[in-house]
Amino acid sequence: MNTVAFDFSHLIEKLVMEAVRTVGITDGFNADVKPADPRFGDFQANGILPYAKAQKRNPRELATAVLEALKKNPLVADGSITVEIAGPGFINFKLQPKVLSAWLDDYGSMAALEKESSKLLGGQNIVVDYSSPNTAKQMHVGHIRSTVIGEAICRLLAFCGANVIRDNHIGDWGTQFGMLILAIKTEKADLGKIEGDAIAELERLYKKGSAMAKDNESDLERARQELVKLQNGDPENMALWENINAISYRSFDEIYERLGVHFDKVLGESFYRDKVDEVYGELTESGLAQMSDGALVVFHEEHPRFNTQPFIIRKSDGASNYATTDLATVLYRVREFHPSQIIYLTDARQSDHFEQLFLTVKKWFEKKNISMPWLRHVTFGTILGEDGKAIKTRSGESVKLKDLLSEGVERAFRIISEKNPDLPESDRRQIAEVIGVNAIRYADLMQNRSSDYLFSWDKLLSFEGNTAPYLLYAVARIYSIFRKVNAVPAVAWKAAAPLETEQELALARKLIEFPVALSQSLQDLRPHFLCSYLYELSGVFSTFYNQDKVNVEDLAVRTKRLSLCAGTLLVLKTGLNVLGIPVLERM
RNA sequence: GUGGGUGUAGCUCAGUUGGAUAGAGCAUCUGCCUUCUAAGCAGAGGGUCGUGGGUUCGACUCCCGCCACCCGCGCCA
């Protein structure tokens, strides 16, 4: 049985709202509770000021009235929470040490944290469409964001109680196959007998086919023919296509394995190829789509741009495109998974496409009386090269994801070997794998996803400051403490001395903010809020670690500090797990 | 042309939706390893928040104008 609230900002908001009601305010009031600067308290309610302004009342007087009402609340009356007014009318709240330790006791296990957090989304089905590489090409640095941010969002949603369907919408049915098959046939390449890196060989063949088609009109025509044959189910080309996909999937899985990413559904665009006729039919029949220059398109009359900028759902040559399969995919997902939300992770350049898609689906579903899930386009910025321009897929210069990960692991291995030469090499290799891969992952997660970022080896592989190694280091030091005292990490607040030192209190106060950071990340699906929180928590822990020795003679003090360590470990582990990052017991 | 994004310390970035003295990391400088892992800790310097107006008790945050860069805009995904 829990003795204190999980999310104190909610609790305090409730207190304020109750107090406000007793002074006669019934509506139009927003408590606006947020974590406070430690100088002022643990939380602050700023809502008095805007309300007083709107009502033309004196904020200080109003705050005083609310304060008097707050004092009647049992938690304030018994001294668990102290309240005061500051400045023009801020209300500051400070939690007493016993309340902090009560929280740490109530929520001292991952199960307890997850149980509370899962109330946020309570079992709704959410489809997340992320990663989505194209077959016949290697995953490159540009795929990091969708994959890593997408995975973190899936884990965040799942931790907050959603039933997440991870769907990798592979690009396996595009125009690239005509040129690729052309090159394969020209070289008489045997896909079953490629030596070495098969996916790299496919990529070479694709580039060759692409160059052939570009230089020579008849080759371009041949490529088109190969594509048509494939789309008509020609056995030879189908066999090639299946082989190409098998090779591609193997290379994707290598990356996903390293990143710990596992999909529930891997339905490529090809999966929808027999479902597009229904889309043409329904959109035409319902009057949403019309012919224009030989193509089937959707205009949105009420929209200032999409009234003239078409959403092309069938090309003039009769072939389907991205828009078609996306429409068919929404319908399939709604029928199959009954989601409350469908979330797409792609870079921001596709905003128009998704806006048009969502508008079209909305009207389509209204006509067909299908309930509309919340369609969300979660965008992220572009990864830029040194020249400030987007790293291009076909430039041949793009950094392969595989190489990036290997470089990260290599660098990590050198550092570990230098810092900790006594560890056996196999241990150092394992540790390096976790640190290298997750330094890269974290570098992507820790910044606000909407901005572009400059690709730089040093940045992605940095091991200092706000990085995964810093967080993992804090975790490793906690494990080390428990090894030293020969105990397993667990909280034991009943036997602990009261929280006392500045560092102990600062750490406890940081720990109880976990639910706030979690909700903040969830609200806009921005993992960087959680990263910032975990980084700050690690910083507060490091200060505590340097100031307050844990392994001391006084048993009650030692128990308290060990409990703080266990609590910190728990929150770090849980938070990192939400981000998709495993922890290490030593490094 | 039009729509969107970005602009905060030398560099790379945060800034919880209008709150209290704008914060980190890197780089520079000063201290701290016989004591639980120094990938760490304590501290110093470094800012006209692109720019000009406006709104108000209060603006990096909201509104308007301007500048710079990036991206999208009919058969790629």
Side-chain angles (χ1 to χ4, degrees), chain A residues 9 32 34-37 39-40 44 46 49-50 52-53 59 86-90 92 132 134 171 173-176 269 292-297 304-306 308-317 319 321-323 325-326 346-353 355 379 381-382 384 388-390 393 412 415-416 418-420 435 446-448 450-454 456 458-459 462-467 469-470 472-474 476-485 516-517 519-521 523-524 526 528-529 531-533 535-536 538-539 542-543 545-547 549-552 561 565 586-587:
Chain A
S9 68
D32 190 19
K34 51 189 69 170
D37 187 309
R39 283 171 304 188
F40 307 126
Q44 54 178 294
N46 299 336
L49 290 147
K53 179 157 99 180
F90 303 114
N92 291 332
S132 314
N134 294 330
W173 200 241
T175 45
Q176 71 264 37
E269 287 167 346
S292 172
D293 293 344
L296 189 61
V297 309
R305 278 180 301 124
F306 302 148
T308 53
Q309 182 181 322
F311 188 50
I312 299 173
I313 64 170
R314 190 179 59 208
K315 299 192 285 182
S316 52
D317 66 3
N321 67 3
Y322 189 30
T325 43
D326 274 358
T346 81
D347 72 84
R349 289 178 293 192
Q350 297 183 36
S351 298
D352 273 2
H353 168 79
E355 204 181 324
T379 62
T382 312
L384 308 173
K389 303 253 169 134
T393 318
I415 292 174
I416 295 155
E418 182 192 315
K419 306 265 182 202
N420 219 337
I435 292 179
M446 57 80 76
Q447 63 188 341
N448 191 333
S450 16
S451 10
D452 292 350
Y453 77 78
L454 216 65
S456 119
D458 287 338
K459 183 185 166 82
S462 170
F463 294 166
E464 284 178 328
N466 188 2
T467 63
Y470 179 84
L472 292 172
Y473 186 64
R477 294 210 287 194
I478 295 171
Y479 274 112
S480 176
I481 290 170
F482 283 101
R483 277 195 301 273
K484 270 289 195 292
V485 301
V516 181
S519 321
Q520 204 184 344
S521 266
Q523 175 160 1
D524 251 347
R526 294 187 188 272
H528 80 284
F529 286 121
C531 294
S532 298
Y533 167 75
Y535 176 58
E536 286 165 16
S538 300
S542 292
T543 303
Y545 178 91
N546 275 274
Q547 296 280 329
K549 187 158 168 70
V550 175
N551 192 9
V552 292
R561 293 188 180 163
C565 287
R586 65 178 85 227
M587 62 185 268

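Order of the sequence lines fixes the chain letters, A, B, ..., with proteins taken first and strands second; residue numbering starts at 1 for each chain.
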Shortest non-hydrogen contact between [X] and [Y], atoms and distance:
X: A:Arg483; Y: A:Ala476; value: NH2-O, 4.5 Å
X: A:Thr382; Y: A:Asp452; value: N-OD1, 2.8 Å
X: A:Cys531; Y: A:Asn466; value: O-OD1, 4.5 Å
X: A:Leu454; Y: A:Lys459; value: O-CD, 4.1 Å
X: A:Pro469; Y: A:Ile435; value: CG-CG2, 3.8 Å

Q.
Given A:Tyr545, which partner from the list A:Val550, A:Ile481, A:Ile478 fulfils the side-chain contact (heavy atoms from CB on, under 4.5 Å) test?
A. A:Ile481
Rounding to an integer number of angstrom, what distance separates [N] and [M] when you compare their [atom1] atoms?
N: B:C26; M: B:A42; atom1: P; value: 12 Å
N: B:U30; M: B:U17; atom1: C1'; value: 40 Å
N: B:G50; M: B:A9; atom1: C1'; value: 15 Å
N: B:U56; M: B:U51; atom1: C1'; value: 22 Å
N: B:A27; M: B:C41; atom1: P; value: 14 Å
N: B:U16; M: B:C76; atom1: C1'; value: 39 Å

Separation of [X] atom [atom1] from [N] atom [atom2], in whole Å?
X: A:Asp458; N: B:A27; atom1: CG; atom2: C1'; answer: 13 Å
X: A:Met446; N: B:C26; atom1: CE; atom2: P; answer: 11 Å
X: A:Asn321; N: B:G74; atom1: CG; atom2: P; answer: 13 Å
X: A:Arg483; N: B:C36; atom1: CZ; atom2: P; answer: 13 Å
X: A:Ile313; N: B:A77; atom1: CD1; atom2: C1'; answer: 17 Å
X: A:Asn466; N: B:G15; atom1: CG; atom2: C1'; answer: 13 Å
X: A:Leu384; N: B:G7; atom1: CG; atom2: P; answer: 13 Å
X: A:His528; N: B:A24; atom1: NE2; atom2: P; answer: 17 Å

Q. What stems, by residue range, does RNA chain B take part in, given at least 3 consecutive Watson-Crick or G-U pairs under 3.5 Å?
A. B:1-7 with B:67-73, B:10-13 with B:23-26, B:28-32 with B:40-44, B:50-54 with B:62-66
Does [N] have OP1 or OP2 sitting under 4.0 Å from an N or O in the side chain of [X]?
X: A:Lys53; N: B:G18; value: no
X: A:Asn448; N: B:G15; value: yes
X: A:His353; N: B:C73; value: no
X: A:Lys315; N: B:C76; value: yes

As a test of reading the structure: which of [options] is closest to the side chain of [X], going by heavy atoms?
X: A:Tyr535; options: B:G19, B:A24, B:C36; answer: B:A24
X: A:Arg39; options: B:A14, B:U21, B:C76; answer: B:U21
X: A:Asp452; options: B:U16, B:C70, B:C76; answer: B:C70
X: A:Pro88; options: B:G19, B:C76, B:G74; answer: B:G19
X: A:Val297; options: B:A77, B:G3, B:G74; answer: B:G74
X: A:Arg349; options: B:C71, B:G74, B:U17; answer: B:C71
X: A:Gln523; options: B:C75, B:C36, B:U17; answer: B:U17
X: A:Leu49; options: B:A20, B:G74, B:G19; answer: B:G19
X: A:Gln350; options: B:C36, B:C75, B:A77; answer: B:A77

Q. Are the side chain of A:Asn420 and the backbone N or O of A:Met587 linked by a donor-acceptor pair below 3.5 Å?
A. yes
(Q) Checking A:Arg314 now: which residues fulfil side chain to side chain donor-acceptor pair (under 3.5 Å) with it, not counting sequence neighbours? (A) none
Q. So, do A:Phe90 and B:G19 meet the stacking rule of ring centres under 5.5 Å and planes under 30°?
A. no
Once you apply a heavy-atom cut-off of 4.0 Å, does [X] come out as touching a base, just sugar-phosphate, or nothing?
X: A:Pro50; answer: base
X: A:Asp347; answer: nothing
X: A:Ala295; answer: base
X: A:Ser532; answer: sugar-phosphate

Q. Looking at B:A77, does its base get a donor-acceptor pair with the side chain of A:Asp326 below 3.5 Å?
A. no
Name the pairs: protein N/O against N/O of nucleotides 39-42 of chain B, kept only if under 3.5 Å.
residue : atom : partner  : partner atom : Å
B:A39   : OP1  : A:Tyr473 : OH           : 3.1
B:A39   : OP2  : A:Lys419 : NZ           : 2.7
B:G40   : O2'  : A:Arg477 : NH1          : 3.4
B:G40   : O2'  : A:Arg477 : NH2          : 2.7
B:C41   : OP1  : A:Tyr470 : OH           : 2.6
B:C41   : O4'  : A:Asn546 : ND2          : 3.1
B:A42   : OP1  : A:Thr543 : OG1          : 2.9

Q: Would you please test A:Asn134 and A:Gln176 for side-chain hydrogen bond (donor to acceptor under 3.5 Å, both in side chains) and show each step?
A: CA-CA 9 Å; A:Asn134 294 330; A:Gln176 71 264 37; 5.0 Å; no
Q: Describe, in one word, how the ring planes of A:Phe311 and A:His353 are oriented to each other, choosing from parallel (under 30°), tilted (30 to 60°) and perpendicular (over 60°).
A: tilted
Q: Just jot down the side-chain contact (heavy atoms from CB on, under 4.5 Å) partners of A:Asp347, sequence neighbours excluded, or say none.
A: A:Arg349, A:Gln350, A:Phe380
**Q.** Partner residues of A:Lys484 under the side-chain contact (heavy atoms from CB on, under 4.5 Å) criterion, sequence neighbours left out
**A.** none
Q.
What verdict does the side-chain contact (heavy atoms from CB on, under 4.5 Å) test give for A:Ser542 and A:Tyr470, after you've listed the backbone C-alpha separation in whole Å, the side-chain angles of each residue and the deciding distance to 0.1 Å?
A. CA-CA 10 Å; A:Ser542 292; A:Tyr470 179 84; 3.6 Å; yes
Short heteroatom pairs, N/O only, protein and nucleotides 10-12 of chain B, under 3.5 Å:
residue : atom : partner  : partner atom : Å
B:U12   : O2'  : A:Lys459 : NZ           : 2.3

Q | Anti or syn - B:U16, cut at 90° from 0 | A | anti
Q. What's the base orientation of B:C71: syn (chi within 90° of 0) or anti?
A. anti
Q | Whichever of A:Phe40 and A:Ile481 has its nearest RNA chain B nucleotide further upstream toward 5' | A | A:Phe40
Q) Nearest nucleotide by nearest heavy atom, which residue falls closer to the 5' end of RNA chain B, A:Asn420 or A:Ser292? A) A:Asn420
